[in-house]
Amino acid sequence: MLKIKSIGRKASCSLIMVLLTSILSACNTAGTSSRDRVSSTDSTSNQSDYRHEKKSSEFLGLSAGYEVRGVGSISSSIEGYDSRIGFSGAYYQSPGSRTVFETQQPDTAQYKNYSDNPVKQVATEPVSTFSLDMDTASYANSRRFITQGRMPHPDAVRVEEFINYFPSASNEKLTSITGSPFSAGYELAPSPWNTDKVLLRVNIKANDVNFNQLPPSNLVFLIDTSGSMDGEDRLDLLKQSLKLLVNELRPQDKVSIVTYAGSAGVALESTSGSNKAKIMAAINKLEARGSTAGGEGLQLAYKMAERGKVKGGINRILLATDGDFNVGINSTEELKAFVSREKEKGITLSTLGFGTNNFNDAMMVQIADAGNGNYSYIDSLEEAQKVLQEEMSATLVTVAKDVKAQIEFNPAQVLEYRQIGYEKRQLKQEDFNNDKVDAGDIGAGKKLTVLYELTLAGGKPSIDPLRYQNKKSAPAINANNKEIAFLKLRWKAPRGENSELASLPIEKKALASSFAKAGVETRFMAAVAAYGQKLRNNPELSKTSYQQIASWANNAKGEDKQGYRAEFVKLVRKAAALDDKDN
């Protein structure tokens, strides 16, 4: 794409227009260009103007010249154009065989800012409380950026959604937590990016459910068919993705389809999973046009879900959109309030994100949280297969709702802690026992990873001790005690009203003697966490290179049957190349 920045003379204008005309005629396409802009929809978050810009390049000796952006090159002389796609955009082949689509249009994507968790002293704040989260959209969306040759906006990166993207690739033994639907495992290892710190990894896995034993499903596909959804990476990909889920439906399952553009309508009445041909035909007829009456579509979708409600079954709306609601209810807070009210009727909502330029990530993640569902971003058919086929049980079946975690650190063993990720899921300490406070839902068979960076007793602290702090009595657990920390989980049964409690001590004996001797899961998740933090420009990783991160990950791929970890290594190396180019 080309942009004329400034021309001082008429002759220069004429020459540039002639050149532009010649170039565009030769390419048989016309490009558009604008500054990519990303801003938060939340008034309390930082407003940012994020610009993907390349340095101006001189063309034929014109210093004002052209501002060039994009990937590839028009020719050996001009950056910003790729002969495979022209200016209009087409597809990119990502690492492996994944096909990721891109349209070269002005980017007005919206992301919500969450500041990184700070270092906390155990002496003053010994308890960390948060809601568990099984979203993975941030990783897939950021992968799309890297694959297309540009770094993601820092606010698009949520580290917990990176580390929770990857299924296990080892035979790590998890301990069943008595009286709960969870198993857990943990390990400590020296931090590879800070010799003064230790990493604590805790894995929490929900009990799995056999596919044939799943309760009947009442699904409503709420599909955005507005004009903004037109394109290979949007409605076309969405239709292919939903067909993957339809192929998995059983006769006892049923599906209805609600669409919305200028207004909302029912494209398919509730239909049994045994009539796949009818469902597929309705999907094939979908076309993109008009404005985006998303609020009206949501209201109609909930009416359809209520009409077909299955007692004791799965009642869920799958909202597939780029998030561009511009007619009717369109503020994120209004949408969250509406979805929160409806979930009390037993109907949950998950979101599937599509598209690039005007993609509203900020809204998508928040309404999925409000709807007790999960948020996934679909950048390719392979990702749709992962979310809607391979992880169908976790995507649709809730085994525990309002799941909260609380970790108390032993002050005799730990001086400081910093939680890595989960910024959007932080809770107050008193929220843990308050059943009125909403938290995340966990799907069948889903594994979640929690990471902390610790300063152990005797180590070099990041924060100086307070001069006038009153000396407290010795802790109840002495320095020789084997516990580093104590994990508590609180959750409700899928249709329960009162929470239940389970706990697990975390012992110091799980500390590996070196990072290289730590288990595969710890080493790989440390690499993923480092990658996410570096993409967020976290100063903790300023002296760590992408090449180092790629090496850590490459040596800890484990039994990578689906190839997700090998793809990750390639993405990190791609980020290294982009970083070198920008510098």
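All heavy atoms count here, side chains included; hydrogens, waters and symmetry mates do not. Here the structure is a predicted model, which is why all the values come from computation and not from measurement. For this chain, numbers begin at 1 and follow the sequence in order.
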Peer 1: Main chain of N194, side chain of K543: is a donor-acceptor contact present, judged purely on distance under 3.5 Å?
Peer 2: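 Not at all, since once roles are kept as given, no pair shorter than 3.5 Å links the two residues.
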Peer 1: Examine F162 together with F568 and report whether their ring centres are nearer than 6.0 Å.
Peer 2: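 No.
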Peer 1: Please work out whether the ring planes of W491 and F182 are parallel, tilted or perpendicular, with thresholds of 30° and 60°.
Peer 2: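 Aromatic pair W491/F182 classed perpendicular.
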Peer 1: Decide side-chain contact (heavy atoms from CB on, under 4.5 Å) for D438 and N372; before the verdict, give the C-alpha distance in whole Å, the side-chain angles of both, and the deciding distance to 0.1 Å.
Peer 2: CA-CA 9 Å; D438 188 48; N372 277 5; 3.4 Å; yes
Peer 1: Please report the closest heavy-atom contact between Y417 and V127, naming both atoms and the distance.
Peer 2: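 Of all heavy-atom pairs spanning Y417 and V127, the closest is OH-O, 3.3 Å.
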Peer 1: Is there side-chain contact between Q562 and E567, with at least one heavy-atom pair below 4.5 Å?
Peer 2: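 A side-chain contact is absent here, since even the closest heavy-atom pair is not under 4.5 Å.
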Peer 1: Give me the atom names and distance for the closest heavy-atom approach of R490 to S499.
Peer 2: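 What the structure gives for the nearest pair is NH1-OG, 2.9 Å.
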Peer 1: Under a 4.5 Å cut-off applied to non-hydrogen side-chain atoms, are P152 and I146 in contact?
Peer 2: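 Yes - at least one pair of side-chain heavy atoms lies under 4.5 Å apart.
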Peer 1: Apply side-chain contact (heavy atoms from CB on, under 4.5 Å) to the pair L487 and I407, showing each step before the final yes or no.
Peer 2: CA-CA 5 Å; L487 167 68; I407 296 182; 3.8 Å; yes
Peer 1: Using a 3.5 Å distance criterion without hydrogens, assess whether the side chain of D402 forms a donor-acceptor pair with backbone atoms of K492.
Peer 2: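 Answer holds: no.
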Peer 1: Between atom CD of Q413 and atom CG of L454, what is the distance when rounded to the nearest 0.5 Å?
Peer 2: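 Answer rounded to 0.5 Å: 11.0 Å.
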Peer 1: Run the side-chain contact (heavy atoms from CB on, under 4.5 Å) test on E333 and Q366 for me, step by step, so that the C-alpha distance in whole Å, both residues' side-chain angles and the decisive distance to 0.1 Å come before the verdict.
Peer 2: CA-CA 9 Å; E333 293 306 314; Q366 292 181 79; 4.1 Å; yes
Peer 1: Output the distance between atom NZ (K446) and atom CE (M134), rounded to the nearest 0.5 Å.
Peer 2: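 Spacing of NZ (K446) from CE (M134) equals 5.5 Å.
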Peer 1: Any non-hydrogen side-chain atom of Q547 less than 4.5 Å from a side-chain atom of R573?
Peer 2: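 SC-SC contact between Q547 and R573 confirmed.
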Peer 1: With Y139 as reference, evaluate F166, Y377, Y375 under the ring pair (Phe, Tyr, Trp, His ring centres under 6.0 Å) test and give the passing residue.
Peer 2: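 The single option meeting the ring pair (Phe, Tyr, Trp, His ring centres under 6.0 Å) with Y139 is F166.
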Peer 1: Before you tell me yes or no, could you show the steps for Y531 and W552 under side-chain contact (heavy atoms from CB on, under 4.5 Å), namely the whole-Å CA-CA distance, both residues' side-chain angles and the distance that decides it to 0.1 Å?
Peer 2: CA-CA 11 Å; Y531 180 59; W552 301 335; over 6 Å; no
Peer 1: Does K343 come within less than 4.0 Å of D441, counting only side-chain N to carboxylate O?
Peer 2: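 Salt bridge: no.
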Peer 1: Charged N to carboxylate O below 4.0 Å: is that the case for E342 and K345?
Peer 2: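 K345 and E342: salt-bridged.
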Peer 1: Are any side-chain N or O atoms of E161 and backbone N or O atoms of V157, one a donor and one an acceptor, separated by less than 3.5 Å?
Peer 2: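 No, E161 side chain to V157 backbone: no donor-acceptor pair under 3.5 Å.
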Peer 1: Do D196 and T455 touch side chain to side chain, with heavy atoms closer than 4.5 Å?
Peer 2: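 No. Closest side-chain heavy atoms not under 4.5 Å.
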Peer 1: Which heavy atom of S350 sits nearest a heavy atom of G373, and at what distance?
Peer 2: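 Result for this residue pair: OG-CA, 3.6 Å.
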Peer 1: Are L396 and L219 close enough that some pair of their side-chain heavy atoms sits under 4.5 Å apart?
Peer 2: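 Yes, at least one pair of side-chain atoms sits under 4.5 Å.
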Peer 1: With a 4.0 Å cut-off, would you call R565 and E521 a salt bridge?
Peer 2: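 Yes, charged N to carboxylate O under 4.0 Å.
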Peer 1: Kindly compute the distance separating CG (L200) from CG (L451), expressed to the nearest 0.5 Å.
Peer 2: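 The distance works out to 8.0 Å.
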Peer 1: Do L456 and V414 come close enough that some side-chain heavy atom pair is under 4.5 Å?
Peer 2: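 L456 vs V414: side chains touch.
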Peer 1: Between D579 and K534, does any side-chain N to carboxylate O distance fall below 4.0 Å?
Peer 2: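 The answer is no: the pair does not qualify as a salt bridge.
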Peer 1: What are the two closest heavy atoms between G421 and V159, and how far apart are they?
Peer 2: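 Scanning both residues, the minimum pair turns out to be CA-CB, 4.1 Å.
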Peer 1: Between D133 and R158, does any NZ, NE, NH1 or NH2 come within less than 4.0 Å of an OD or OE carboxylate oxygen?
Peer 2: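 No, no charged N to carboxylate O under 4.0 Å.
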Peer 1: Anything under 30° is parallel, anything over 60° is perpendicular, the rest tilted; go ahead and classify Y165 against Y564.
Peer 2: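 Rings of Y165 and Y564: perpendicular, over 60°.
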Peer 1: Does a salt bridge link R201 with E172, judged by any charged N lying under 4.0 Å from a carboxylate O?
Peer 2: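 Looking at R201 and E172, the cut-off is met.
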Peer 1: List in chain and number order the residues that pass ring-ring contact (aromatic ring centres under 6.0 Å, His included) with F354, two or more places apart in sequence or in another chain; answer none if no residue qualifies.
Peer 2: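 Partners of F354 by the ring-ring contact (aromatic ring centres under 6.0 Å, His included) criterion come out as none, since no residue qualifies.
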Peer 1: Say whether, by atom type as modelled, one donor and one acceptor occur between the side chain of N141 and the main chain of S138 under 3.5 angstrom.
Peer 2: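 Not confirmed, N141 side chain does not pair with S138 backbone.
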Peer 1: So, are D379 and R143 salt-bridged, with charged N and O less than 4.0 Å apart?
Peer 2: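 Yes, charged N to carboxylate O under 4.0 Å.
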Peer 1: Is the cationic atom of K112 (NZ for Lys, CZ for Arg) positioned less than 6.0 Å from the six-membered ring centroid of Y114 and within 45 degrees of its normal?
Peer 2: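 Cation-pi check for K112 and Y114: passes.
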Peer 1: Check whether any side-chain heavy atom of I367 lies under 4.5 Å from a side-chain heavy atom of L319, and answer yes or no.
Peer 2: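 A side-chain contact under 4.5 Å exists here.
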Peer 1: Please answer whether the main-chain N or O of L244 pairs with a side-chain N or O of Q389 as donor and acceptor at a distance below 3.5 Å.
Peer 2: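 Checking the backbone N and O of L244 against the side chain of Q389, a donor-acceptor pair under 3.5 Å is found.
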Peer 1: Taking N117 for its side chain and I420 for its backbone only, find out whether a donor-acceptor pair lies under 3.5 Å.
Peer 2: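 No, N117 side chain to I420 backbone: no donor-acceptor pair under 3.5 Å.
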Peer 1: Should the pair Y452 and F409 be assigned to parallel (<30°), tilted (30 to 60°) or perpendicular (>60°) ring geometry?
Peer 2: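 Rings of Y452 and F409: perpendicular, as their planes differ by over 60°.
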Peer 1: Compare every heavy atom of A400 with every heavy atom of P494, then report the nearest pair and how far apart it is.
Peer 2: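 Of all heavy-atom pairs spanning P494 and A400, the closest is CG-N, 4.5 Å.
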Peer 1: Do E187 side-chain atoms and G519 backbone N/O form a donor-acceptor pair below 3.5 Å?
Peer 2: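 Yes; judged by distance alone, with no hydrogens or angles, the pair exists.
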Peer 1: Between D361 and A109, is there a donor-acceptor pair closer than 3.5 Å when you use the side chain of the first and the backbone of the second?
Peer 2: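 Flag not set: sc D361 to bb A109 has no pair under 3.5 Å.
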Peer 1: Considering only NZ, NE, NH1 and NH2 on the basic side and carboxylate oxygens on the acidic side, decide whether D116 and R418 come within less than 4.0 Å.
Peer 2: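 Answer for the salt bridge query: no.
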Peer 1: Looking only at atom types and distance, does a side-chain atom of K574 sit under 3.5 Å from a main-chain N or O of T147, one as donor and one as acceptor?
Peer 2: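 No, because the side chain of K574 does not come within donor-acceptor range (under 3.5 Å) of the backbone of T147.
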Peer 1: Okay, side chain of D253, backbone of S217: is any donor-acceptor separation there less than 3.5 Å?
Peer 2: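 Side chain of D253 to backbone of S217: a pair is present.
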Peer 1: Would you please say whether a donor-acceptor pair under 3.5 Å links the side chains of T395 and R316?
Peer 2: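 No, no side-chain donor-acceptor pair sits under 3.5 Å.
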Peer 1: Do N171 and E559 make a side-chain contact, defined as non-hydrogen atoms from C-beta onward lying under 4.5 Å apart?
Peer 2: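 A side-chain contact under 4.5 Å exists here.
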Peer 1: Can you give me the closest heavy-atom contact between K404 and A439, atom names plus distance?
Peer 2: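 Closest pair (atom of K404, atom of A439, distance): CG-CB, 3.6 Å.
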Peer 1: Just checking, is any N or O donor in the side chain of S462 or K197 under 3.5 Å from an acceptor N or O on the other one?
Peer 2: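 A donor-acceptor contact under 3.5 Å links the two side chains.
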